[in-house]
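Every chain is numbered from 1, with letters handed out A, B, ... down the list of sequences.
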Amino acid sequence: MLNLPRLERTWLWLGGITMAFFFIIVLSLAVMADIEPPSYGQTIDPTKVSQTPPFDHPGLHQTGPKAYEAYYVGQVFSWNPASITIPVGSTVTFYVTSSDVVHGFSVPEADVNAEVMPGWVSRVEHTFLKPGDYPIICNQYCGIGHSAMFAHIIVK
Amino acid sequence: MEQQRAENRLVLAYLYVALVSVFIGTFFGLLQVTSRAGFFQTPPWFDYYRMLTAHGVLLALVFTTLFISGLSTYATYRSIERPRRSLALGWTGWWMMTTGTVLAALEILAGNASVLYTFYAPLKASPWFYVGAALLIVGTWAVLLDVLLAIAYFRRTHPGERIPLPVFMVAANYLMWFLATIGVAIEVLFQLIPWSFGWVPGIDVQLSRTLFWYFGHPLVYFWLLGAYLIWYGVVPKILGVPFFSDALTRVAFILFIILSLPVGVHHQFTDPGISHIWKELQTGFTLMVVIPSLMTAFALFATFEQAAAKQGRHGFIGIVAALPWSNPTFLGSALGMILFIFGGFGGIVNASYSLDVLTHNTMWIVGHFHITVGGPVALTLIAATYTLIPALTGRRFTSEGLARAQIWLWFIGLSIMSFAMHTAGLLGAPRREAALAYGGNAIAAQWVPWTMLAAVGGIIVYASVICYLIAFVQMVFGGERGETRFEFADPDLYAEKTPAILDRLGLWTAAAVLLVIIAYAGPITEHFHYHIYLAPGMRTW
């Protein structure tokens, strides 16, 4: 029905195959390397975060050799806990929620990047292989003190 | 003649509100990019986030929406002549959008709505900000209705003929836009307004985000198709050639109606409560929407080749040399096309989750939309005004050297700024920050040179805005009387007849709705399986 010029047909096939190839890479990484967007979902009453375990005691909990769970609460304009220290090679599973507005839980150079919404718990995991002082930055605008909202992960 | 003058006044009214928004919005942009680089401190009575909100709302929402509404009205009125046309719908849309803009802008400037242009709940702005946003969005429906009435008139008076191509492009864009705005209209009218007035105690935060992004991504295609209307429609006219292909242009726009909508969740990759299956499905749709842009690239290069062949020039260098680089409207469009190639690359990165985790909420994203909406779209639309405004006012614009300088400065400044922002983002610099010091942290220290370079680019872009302000004043108040033409290309008389099915806009809209259901039934159903807690919200600025 449509008379596509031969060159355009070639161009669109090349483009289409390239896009399909990118999609296959994304899906393969998801299936084989477990690099996939978070599916985790758990809701929490945002007005009662400080009374709801485990967020009534935010902080670091060791669950095995070099394995930790960390519970964080974001609130204007700080992360609780403000600093944690872990040994090199530790795998940390972060559980993060907010008691007020939307925040962003980001550890640059550690591929940790999660939206944190009041009413929800976000989960993200990372293995810290290099020592250093990693800042946890709020990367979702939360108010006037937004750029002062950061905490530390000390890896040594 | 009298009627055409009245129509021109309507179109000009849209363009003026849009361009005044550009002058104010870019000034805030200049203050942001320089204060973030540490060149000066924003005073507490006019803080960074207030400017940032004004910048985003005025440029991303007001400028684009008003300009494209005016341009689309112009394309429709000039392509479908209609005696005794009522301008009531056009003016209704203008009054709604302008009132909405003024209302929202006053609340922002007064400091009552520092919630940025994404207005994520539960940041709680003044209710009048949301009322303003609703008027701005719903006002566009009047423009769509006006376009559809023109099409109905055309079909009645020209049975068996295809809809004129410029009107087809406009209708496709506004139908897609209409479907998208339903999402944000539900969010604003049923969630944000009742909650901000205090009629309900809390808000479902995640649902509001999903509704926003269902609108938020098609929004960028709405901007883009505004520029495509110039690229497909006006550029061939400047080059003196017909449309490359009537049928294939329609196919590309139909693909945009269908594929622009089921993609918004790629802005929510890192949100909890949406399964990875839905995120991956929408990744697939997002990559598919690249195809109509590839078609566009082909059509444009083919148009350039045809124009060069008419002058007897061939080959890459021959084609480049044959193009009318001294024509501001062409120059801005062509440079915009170059920028869009990089915008497209970045978009593919953002759509791929495994890469998006590095770029989400970083300066990369800011770089990305400046090299898409700030480059290709804004540059094309502003370049179009050099012929469109004189055509509407019945004057001639003679300072073409100034116009060319303005366009080159914008292109160079925006390239530098966007490159610096992309790089800072890859190094982890977050977006939407008044400052990036983080207590002297070593990782944060790497971002400093890039924020400085971004400021240099931003200053160059602002120099371009000043050039444009001078040119704009000349166009509106000075200049000699005379005739300027802003016209759309002619159909190719030798082309095969366009199949009638391509004009079945209702059918393609239905296909779009079907795809929206496929993409969103999952995440929405999933959402309501959770026990949802409402967030009360607060003012944190």
Pairwise distance OG(S114(B)) to CD1(I144(A)) - rounded to 0.5 angstrom
7.0 Å

R50(B) versus chain A, heavy atoms under 4.5 Å apart: side chain, backbone, both or neither?
neither

Can you tell me if Q75(A) has over 12 outside heavy atoms packed within less than 6.0 Å of its CD?
yes

Between V290(B) and chain A, which part of the residue has a heavy atom less than 4.5 Å away: side chain, backbone, both or neither?
side chain

Atom group of Y40(A) that falls short of 4.5 Å from chain B, counting heavy atoms
backbone

Heavy-atom pair of closest approach, residues L294(B) and W11(A):
O-NE1, 2.8 Å

In this structure, are over 12 heavy atoms from other groups packed under 6.0 Å from Q41(B) atom CD?
no

Which bit of Y353(B) is near chain A, if near means a heavy-atom gap under 4.5 Å: side chain, backbone, both or neither?
both

When rounded to the nearest 0.5 angstrom, what is the spacing between OH in Y533(B) and NZ in K48(A)?
8.0 Å

Side chain, backbone, both or neither of D47(B) within contact of chain A (heavy atoms, under 4.5 Å)
side chain

In terms of the angle between their ring planes, are W120(A) and Y530(B) parallel, tilted or perpendicular, with boundaries placed at 30° and 60°?
perpendicular

Tell me if the NE2 atom of H61(A) is crowded by more than 12 foreign heavy atoms within 6.0 Å.
yes

Within a strict 4.5 Å, meaning less than it, do heavy atoms of the Y48(B) and H146(A) side chains meet?
no

Check for a donor-acceptor pair, side chain of N113(A) on one end and backbone N or O of T270(B) on the other, with a separation under 3.5 Å.
no

For the residue pair Y141(A) and Y49(B), does the interplanar ring angle fall in the parallel (under 30°), tilted (30 to 60°) or perpendicular (over 60°) class?
tilted

Could you tell me if the side chain of E8(A) sits less than 4.5 Å from the side chain of M295(B), heavy atoms only?
yes

For P38(A), is there any backbone N or O sitting under 3.5 Å from a side-chain donor or acceptor partner on K279(B)?
yes

What part of F77(A) gets within 4.5 angstrom of chain B, counting heavy atoms only: side chain, backbone, both, or neither?
side chain

Side chain proximity check, T540(B) to C142(A), heavy atoms < 4.5 angstrom
no

Name the region of L27(A), side chain, backbone, both or neither, that has any atom closer than 4.5 Å to a heavy atom of chain B.
side chain

Answer with side chain, backbone, both or neither: which region of F301(B) has an atom nearer than 4.5 Å to a non-hydrogen atom of chain A?
neither

Using a cut-off of under 4.5 Å for heavy-atom pairs, which of A297(B), P272(B), A434(B) has the most such pairs with chain A?
P272(B)

Among A535(B), A435(B), S352(B), which residue has the highest count of heavy-atom pairs closer than 4.5 Å to chain A?
A435(B)

Identify the two heavy atoms, one from D111(A) and one from L358(B), that lie closest to each other, and give their separation to 0.1 Å.
OD1-CD2, 3.2 Å

Spacing of I348(B) atom CD1 and T18(A) atom OG1 [to the nearest 0.5 Å]:
8.5 Å

Part of I35(A) lying under 4.5 Å from any heavy atom of chain B:
both

Gap between atom CD of Q268(B) and atom CD of E115(A) - 0.5 Å precision:
8.5 Å

Region of A429(B) in contact with chain A, defined by heavy-atom distances below 4.5 Å:
neither

Any donor and acceptor pair, going by atom type alone, linking the side chain of T43(A) with main-chain N or O of I532(B) inside 3.5 Å?
no

Give a yes or no on this: more than 12 heavy atoms of other residues, nucleotides or ligands lie within 6.0 Å of atom CZ of R6(A).
no

Against chain B, label S106(A) side chain, backbone, both or neither, depending on which of its atoms sit under 4.5 Å from a heavy atom there.
neither

Min side-chain heavy-atom separation P536(B)-D100(A) under 4.5 Å
no

Taking the side chain as every heavy atom from C-beta outward, state whether E280(B) and P37(A) have any atom pair closer than 4.5 Å.
yes

Let me know if V76(A) has heavy atoms under 4.5 Å from chain B in its side chain, its backbone, both or neither.
side chain

Neighbour count above 12 (heavy atom, 6.0 Å) for K497(B) NZ:
yes

Only pairs of heavy atoms separated by less than 4.5 Å count here; which of D133(A), V107(A), L29(A) has the most with chain B?
D133(A)

Can you confirm whether W447(B) sits close enough to P108(A) that some side-chain heavy atom of one is under 4.5 Å from a side-chain heavy atom of the other?
yes

Decide yes or no for F150(A) and P430(B): does some side-chain heavy atom of the first lie under 4.5 Å from some side-chain heavy atom of the second?
no

Which atoms of E109(A) come close to chain B, meaning under 4.5 Å heavy atom to heavy atom: side chain ones, backbone ones, both, or neither?
side chain

How far does CG of L248(B) sit from CG of L12(A), to the nearest 0.5 angstrom?
8.5 Å

Whatever's closer than 4.5 Å to a heavy atom in chain B on V121(A) counts as backbone

If you compare all heavy atoms of T283(B) against all heavy atoms of V26(A), which two are closest, and at what distance to 0.1 Å?
CG2-CG1, 4.5 Å

Side-chain heavy atoms of F298(B) within contact of L7(A), under 4.5 Å
yes

L534(B) and P46(A): which non-hydrogen atoms are nearest, and at how many Å?
O-CG, 3.7 Å

Can you tell me how far the CZ atom of R432(B) sits from the SG atom of C138(A), to the nearest 0.5 Å?
11.0 Å

F46(B), CZ atom: more than 12 neighbouring heavy atoms under 6.0 Å
yes

Under 4.5 Å, counting heavy-atom pairs only, tell me which of H276(B), Q206(B), E526(B), M288(B) racks up the most with chain A.
H276(B)

